[in-house]
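To find a chain, count down the sequence lines: A is the first, B the second, and so on, and within it residues start at 1. Note that the coordinates shown come from a computational prediction; the quantities given were computed from them, not determined experimentally.
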Amino acid sequence: DAGVTQSPTHLIKTRGQQVTLRCSPKSGHDTVSWYQQALGQGPQFIFQYYEEEERQRGNFPDRFSGHQFPNYSSELNVNALLLGDSALYLCASSQTGQGVTGYTFGSGTRLTVV
Amino acid sequence: AQSVTQPDIHITVSEGASLELRCNYSYGATPYLFWYVQSPGQGLQLLLKYFSGDTLVQGIKGFEAEFKRSQSSFNLRKPSVHWSDAAEYFCAVGNNQGGKLIFGQGTELSVKP
């Protein structure tokens, strides 16, 4: 049973560019949450998607946007990249009704902005 | 405000020694509490979780944690640390409504031979 899959594992972007990160949830899961983990910090909640809609959002600017597809996979898009966007981006999937109790995390995408 | 505090940024223990990692939380609703472990460059692995019931919970890899409502604490313990336990440990709090977890800053554990 595959867990949460994130791609790519690493990428380097230049300031001002745009980036798309991808997440495939664990089999049977229909909710996807995204977190940003800066170096030396704990993960911070970006937003959560369910039924192809953003259900909850953390304190992140509109440059951060997302999408969920009918197969429950999700994308995180970041526009106008800043150096401060360099971080590990984690995706977590869960099943409706489980909430945080059923989270499974992926291994993350390491984004470096130069 | 909702928050999680892990007072110890870095802890070093000798292999075979006992371990306690501290976690304090501030949360308005009934808290769901978690401990995760993260190895370098990896995602988060759930060690244990507490929702209700017995305040002493057992997790994987020989870890346990005790919920103390009066102290707003959820400290993680292990009686005998192994070199493979060296990693970053995160305490987190949430509820079962919003699906959002609030994490502490993490405690880095080093294990001396």
Side-chain angles (χ1 to χ4, degrees), chain A residues 3-7 9-10 21 23-26 29-51 53-60 68 87-112, chain B residues 1-10 21-27 29-53 57 59-60 74 76 87-109:
Chain A
V4 177
T5 304
Q6 292 187 243
S7 63
T9 55
H10 298 81
L21 312 182
C23 173
S24 293
K26 181 178 179 180
H29 286 185
D30 55 10
T31 301
V32 174
S33 302
W34 287 92
Y35 288 79
Q36 180 196 64
Q37 185 179 15
L39 196 62
Q41 303 293 319
Q44 285 194 295
F45 177 77
I46 303 175
F47 43 52
Q48 183 181 82
Y49 275 83
Y50 170 67
E51 291 190 332
E53 290 190 356
E54 183 180 293
R55 184 159 71 174
Q56 191 176 7
R57 188 179 183 92
N59 189 25
F60 279 80
Q68 185 179 35
L88 180 67
Y89 288 84
L90 295 166
C91 169
S93 72
S94 59
Q95 193 175 44
T96 306
Q98 290 184 329
V100 296
T101 64
Y103 263 20
T104 299
F105 280 90
S107 296
T109 294
R110 172 72 63 187
L111 171 65
T112 301
Chain B
Q2 301 174 340
S3 65
V4 174
T5 301
Q6 294 180 246
D8 304 305
I9 295 175
H10 190 193
L21 302 183
R22 295 181 291 164
C23 172
N24 293 96
Y25 67 90
S26 174
Y27 201 72
T30 300
Y32 286 54
L33 293 156
F34 305 81
W35 275 99
Y36 286 89
V37 61
Q38 186 178 39
S39 297
Q42 298 298 310
L44 299 171
Q45 181 183 21
L46 179 66
L47 287 176
L48 46 79
K49 55 190 175 184
Y50 172 78
F51 309 144
S52 64
V57 293
I60 62 171
F74 189 57
L76 181 71
E88 188 91 21
Y89 291 80
F90 292 96
C91 180
V93 66
N95 62 51
N96 212 26
Q97 302 303 313
K100 163 187 170 182
L101 277 176
I102 299 169
F103 285 85
Q105 193 167 1
T107 297
E108 182 181 358
L109 173 65

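The shortest heavy-atom contact between B:Leu44 and A:Pro43 is CD1-CG, 3.9 Å. When all heavy atoms of B:Gln42 and A:Leu88 are compared, the pair lying nearest together is O-CD2, 4.0 Å.
For A:Tyr35, the part lying near chain B is the side chain, with the backbone staying farther off; criterion is any non-hydrogen pair under 4.5 Å. Using a 4.5 Å cut-off between heavy atoms, A:Gln6 makes no contact with chain B at all. Residue contact with chain A, scored on non-hydrogen atoms closer than 4.5 Å, involves the side chain of B:Gln38 exclusively. Only the side chain of A:Ser33 has a heavy atom closer than 4.5 Å to any heavy atom of chain B. The contact between B:Leu101 and chain A is made by backbone and side chain atoms together, counting heavy-atom distances below 4.5 Å.
Side-chain rings of B:Phe34 and A:Tyr103 stay apart, their centers remaining 6.0 Å or farther from each other.
For the atom pair A:Leu90 CG and B:Phe103 CZ, the distance stands at 8.0 Å (nearest 0.5 Å). To the nearest 0.5 Å, atom CD of residue A:Gln44 and atom NZ of residue B:Lys100 are 9.5 Å apart.
For the side-chain contact (heavy atoms from CB on, under 4.5 Å) test, residues two or more places apart in sequence or in another chain that qualify with B:Gln105 are A:Gln41.
Annotation for B:Ile60: atom CD1 counts as buried by contact number, over 12 foreign heavy atoms lying within 6.0 Å. For B:Glu108, the CD atom sits in a packed shell: over 12 heavy atoms of surrounding residues, nucleotides or ligands are nearer than 6.0 Å.
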